[in-house]
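Accompanying notes for the structure given below.
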Amino acid sequence: MMDKKQYSLLGLMQRAGALITGEELVVKAVQSNKAKLVVLAEDASANTEKKISDKCRYYNIPLYRLGSRDDLGAAVGKERRVVIAVTDTGFADAYQKNEKKRV
């Protein structure tokens, strides 16, 4: 069962304006060091998974897997979301304290 705290925290981050969603925007945030943490849906395509994981590994950004694209979208109050970047250090730290599935 997925941790509801993680989804609630993502919703709080969205309301605070501390999230970036969408593959290209997240890649740009990672490259510019604006992203402090990245969350990738477990049902992401193999190409998206490789692209995001390679970028995160190269730029030393923590990457986590959580739920489906529908679950992530619902958590942030939008339609399906495959990848989300957290841009606030405090929120990223809070997420990492609760998360156990680092990639």
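For reference, positions follow the sequence shown, starting with 1.
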Can you list the residues that meet the side chain to side chain donor-acceptor pair (under 3.5 Å) rule with Ser45, with sequence neighbours excluded? Thr48
Excluding sequence neighbours, so at least two apart, what forms side-chain contact (heavy atoms from CB on, under 4.5 Å) with Lys34? Ala29, Ser32
Any non-hydrogen side-chain atom of Leu40 less than 4.5 Å from a side-chain atom of Leu63? yes
Can you name the closest pair of heavy atoms from Gly17 and Thr87 and give their distance? O-OG1, 4.3 Å
NZ (Lys50) and NZ (Lys55) are apart, to the nearest 0.5 Å, by 10.5 Å
The side-chain contact (heavy atoms from CB on, under 4.5 Å) partners of Ala92 (sequence neighbours excluded) come to Lys36, Leu37, Val86, Gln96
Ala35 and Ile61: which non-hydrogen atoms are nearest, and at how many Å? O-CD1, 3.2 Å
For Tyr7 and Gly67, work out which heavy atoms get closest and say how close. OH-CA, 3.3 Å
Quick one: side-chain contact (heavy atoms from CB on, under 4.5 Å) partners of Arg15, sequence neighbours excluded? Leu12
Quick one: side chains of residues 77-84, donor-acceptor pairs under 3.5 Å with protein atoms, not counting sequence neighbours, listed by atom name and distance.
residue: Arg80; atom: NE; partner: Asp70; partner atom: OD1; Å: 2.8
residue: Arg81; atom: NE; partner: Thr21; partner atom: OG1; Å: 3.4

With a 4.5 Å heavy-atom cut-off, do Tyr58 and Val30 have their side chains touching? no
Qualifying residues under salt bridge (Lys or Arg N to Asp or Glu O under 4.0 Å), relative to Asp43, sequence neighbours excluded: Arg69
side-chain contact (heavy atoms from CB on, under 4.5 Å), that's the test. Do Val38 and Tyr64 meet it? Break it down for me. CA-CA 6 Å; Val38 174; Tyr64 292 89; over 6 Å; no
As an exercise, state the distance from CD of Glu49 to CG of Asp54, rounded to the nearest 0.5 Å. 10.0 Å
Heavy-atom pair with the smallest gap, counting every atom of Val76 and Gln14: O-CG, 3.3 Å
To the nearest 0.5 Å, atom CG of Asp93 lies from atom NZ of Lys97 at 6.5 Å
Any chance you could lay out the side-chain contact (heavy atoms from CB on, under 4.5 Å) test for Phe91 and Leu10, step after step, and finish with the verdict? CA-CA 9 Å; Phe91 279 129; Leu10 287 174; over 6 Å; no
Mind checking what makes side chain to side chain donor-acceptor pair (under 3.5 Å) contact with Lys51, not counting sequence neighbours? Glu23, Glu24
